[in-house]
> 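Pasting a structure here, questions to come.
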Amino acid sequence: MNELIQLRFSDTDGSVRDINAAELAEVLQGLVEFTSELAKSGAFGDGAPPEVRIRPAKEGSFIVEAILQWINDNPEGSVSLALGTGGAVVQGLNVAARRLRGEPTDFEYLENGYVKLKWPGDKVDEVPREVWDALKKMKKRTRGAMRKIMAPLSDDVEILEVREGSTNVATQELAATDADLVLDRTDYREAAHEVDEIEETTSTFSIEAKLSSIDFRPGEKWRVETNQGSRLVTIEDTNFLLEIDRGMAIHKDDIFDVTVRENRTVKNGSTTKVWTVLTVDRTRRGGDDGHNDSSAVSPATPPR
C-alpha cells in the first residue's frame, strides 16, 4: 500500500518559485524524522515504518511528493484505517502545527480509537490515539522535524499546502483539490523558536554513605561519598544535626545509612540531580575505636 503526501510551496498568489537546495534537503529530512516519531507510538502498526521516497517533480509550483512505501506487511488494524498512512501523517502535522502555538483546552479518548481535541476558539480535531500519544509531549525532536519540513517558509516561499493522496493520482490532479493543511511563515517562526524542554522527577531511596566533609553554617552543603560518587547534599535530618551540635563525633570511615530525596531535572537532554538527605543513621564505625580525635572529619573551611 503506497500513500502520498504532497507538499506544495508557493507565494500567496500561487506563483511558481524555486527554493534553496539546502532547505529542500531539510524538508525531506524532516519528513523522515516526523514519520519516525509517529512510528514509535504505533501509528503505522507493528511493522516497520513506511519508507519515504520522492516522486519525480512535475511542472507547476514547486512540489515535493513523498511516497510512504511499505517495506514489510503491517496489520490492518494500524491507525491509518481507511485514511491510509498518509492520513496519519497529515493529521499528525496538523496537530503538531497547532501545538506550536499552544496546548488544547481539553481532550477526550473516544471509543473508536480516536482522541477528540478541543483548541482555543472552539476548534475541534479528532485524531488517532497513536498520533496524539506520539505528539502530546511535543518533544524537541518533533519541533525540529516541523521546522525542517517548513524550512522554505523562512525566506523563499510564503505558503505550504499539504495534501494526502495515492500514487495513482497525477500531481496536477492532486494539487487541484482542497489542501488538507495550510501552513505559513507564522507557523515556521513558531517551530523555529527555541523552547526549553524541561522534565522534572522526584524519587526517594536509601544508600550507604560516608561523610567526607561537613559544614555547620546554615544552608551550607555537606559532601558525601557513595557508590555513585562524591556529591554535595543538604542535610534535613534535625535529630542528626542536633546530635552533632551536642558533640557527637564523626570519623572519616564511619558508614551511614542515609535516605535521599533526589530531584532530577532534564533540560534539553542535559540532566542535573540535587540530593537532599532526609535521615542519617550510623550503621558502623570505621577503623578507629571512636576515641581517636585525629580521625574525625574536619568541618569545611569557611571562605575568606
Side-chain angles (χ1 to χ4, degrees), residues 2-38 50-69 80 83-102 119 121 123 125 127 131 135 138 141-194:
N2 292 340
E3 298 292 333
L4 191 81
I5 302 297
Q6 184 186 83
L7 307 178
R8 182 177 186 267
F9 296 95
S10 70
D11 290 333
T12 53
D13 61 0
S15 60
V16 179
R17 290 294 300 268
D18 57 353
I19 64 175
N20 183 283
E23 292 175 350
L24 173 59
E26 286 196 90
V27 173
L28 303 180
Q29 185 179 10
L31 279 172
V32 172
E33 292 177 2
F34 194 82
T35 54
S36 296
E37 286 300 302
L38 291 180
E51 180 184 12
V52 179
R53 303 180 65 86
I54 303 302
R55 187 160 76 170
K58 309 292 183 179
E59 294 181 1
S61 297
F62 196 97
I63 293 175
V64 174
E65 291 186 328
I67 302 171
L68 304 180
Q69 184 177 51
S80 57
L83 295 172
T85 56
V89 177
V90 171
Q91 291 185 41
L93 290 171
N94 178 54
V95 172
R98 288 191 187 278
R99 296 193 75 240
L100 291 173
R101 303 189 183 192
W119 304 92
K123 295 181 179 179
D125 286 317
V127 299
V131 172
L135 301 174
M138 186 46 89
R141 55 182 176 272
T142 304
R143 176 181 287 269
M146 289 292 293
R147 182 194 62 76
K148 292 177 181 178
I149 291 171
M150 295 187 287
L153 294 174
S154 63
D155 51 17
D156 282 332
V157 297
E158 298 173 344
I159 299 294
L160 166 57
E161 298 173 350
V162 183
R163 295 174 175 85
E164 60 168 305
S166 61
T167 51
N168 59 5
V169 177
T171 298
Q172 295 306 319
E173 181 182 350
L174 183 58
T177 63
D178 292 336
D180 297 297
L181 174 63
V182 178
L183 302 171
D184 57 26
R185 286 180 175 173
T186 301
D187 297 297
Y188 171 79
R189 286 193 290 267
E190 291 292 340
H193 177 65
E194 290 293 331

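Given the structure is predicted, the values throughout are model-derived calculations rather than measurements.
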> Does Asn168 have any side-chain hydrogen bond (donor to acceptor under 3.5 Å, both in side chains) partners at least two apart in sequence or in another chain, and if so, which?
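Asn168 satisfies side-chain hydrogen bond (donor to acceptor under 3.5 Å, both in side chains) with Ser166 only.
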
> Kindly write out the residues that satisfy side chain to side chain contact (heavy atoms under 4.5 Å, CB included) with Asp187, not counting sequence neighbours, or none if the list is empty.
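Asp187 satisfies side chain to side chain contact (heavy atoms under 4.5 Å, CB included) with Arg101, Met150, Leu183, Asp184 only.
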
> Can you tell me how far the CZ atom of Arg99 sits from the CG atom of Asn94, to the nearest 0.5 Å?
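That separation rounds to 12.5 Å.
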
> Would the distance check show the side chain of Arg98 and the main-chain N or O of Trp119 forming a donor-acceptor pair, the cut-off being under 3.5 Å?
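Checked: no pair found.
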
> Sequence neighbours excluded, which residues qualify as side chain to side chain contact (heavy atoms under 4.5 Å, CB included) partners of Arg189?
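Testing Arg189 for side chain to side chain contact (heavy atoms under 4.5 Å, CB included), a comparison that skips the adjacent residues, returns Arg185, Thr186.
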
> Applying side-chain hydrogen bond (donor to acceptor under 3.5 Å, both in side chains), can you list everything that pairs with Asp180, at least two apart in sequence or on another chain?
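side-chain hydrogen bond (donor to acceptor under 3.5 Å, both in side chains) check on Asp180 returns nothing, list empty.
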
> Testing the basics here: between Gln91 and Val127, what is the closest heavy-atom pair and its distance to 0.1 Å?
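For Gln91 versus Val127, the nearest heavy atoms are OE1-CA, 3.3 Å.
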
> Return the minimal non-hydrogen interatomic distance between Phe34 and Ala96, and the atom names on each side.
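Of all heavy-atom pairs spanning Phe34 and Ala96, the closest is CE1-CB, 4.0 Å.
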
> If I take atom OG1 from residue Thr171 and atom CZ from residue Arg8, how far apart are they, to the nearest 0.5 angstrom?
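Reported to 0.5 Å precision, the distance equals 11.5 Å.
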
> Can you tell me how far CG of Leu38 sits from OG1 of Thr142, rounded to the nearest 0.5 angstrom?
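If we round to the nearest 0.5 Å, Thr142:OG1 and Leu38:CG are 8.0 Å apart.
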
> Which pairs with one or both residues in residues 165-177 pass salt bridge (Lys or Arg N to Asp or Glu O under 4.0 Å), sequence neighbours excluded?
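Counting only pairs at least two positions apart or across chains, no salt bridge (Lys or Arg N to Asp or Glu O under 4.0 Å) contact touches residues 165-177.
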
> Are the side chains of Lys148 and Leu28 in contact, using a 4.5 Å heavy-atom criterion?
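Contact flag for Leu28/Lys148 side chains = no.
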
> Could you tell me which residues satisfy salt bridge (charged side-chain N to carboxylate O under 4.0 Å, His left out) with Glu26, sequence neighbours excluded, listed by chain and number?
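Per chain and number, Glu26 pairs via salt bridge (charged side-chain N to carboxylate O under 4.0 Å, His left out) with Arg147.
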
> Give the minimum heavy-atom separation between Val157 and Ser10, together with the two atoms involved.
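Heavy atoms of Val157 and Ser10 come nearest at CB-O, 3.7 Å.
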
> Would you call Phe9 and Ile159 a side-chain contact if the rule is heavy atoms closer than 4.5 Å?
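SC-SC contact between Phe9 and Ile159 ruled out.
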
> With sequence neighbours left out, what residues match Ser154 under side-chain hydrogen bond (donor to acceptor under 3.5 Å, both in side chains)?
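Partners of Ser154 by the side-chain hydrogen bond (donor to acceptor under 3.5 Å, both in side chains) criterion, ordered by chain and then number, come out as Glu23.
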
> Is any side-chain heavy atom of Leu160 closer than 4.5 Å to a side-chain heavy atom of Tyr188?
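Result no, sub-4.5 Å side-chain heavy-atom pair not found.
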
> When rounded to the nearest 0.5 angstrom, what is the spacing between CZ in Arg163 and CD in Gln6?
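One finds 5.5 Å between CZ of Arg163 and CD of Gln6.
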
> Between atom CD1 of Ile149 and atom CD1 of Ile5, what is the distance when rounded to the nearest 0.5 Å?
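Nearest 0.5 Å value for the CD1-CD1 distance: 10.0 Å.
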
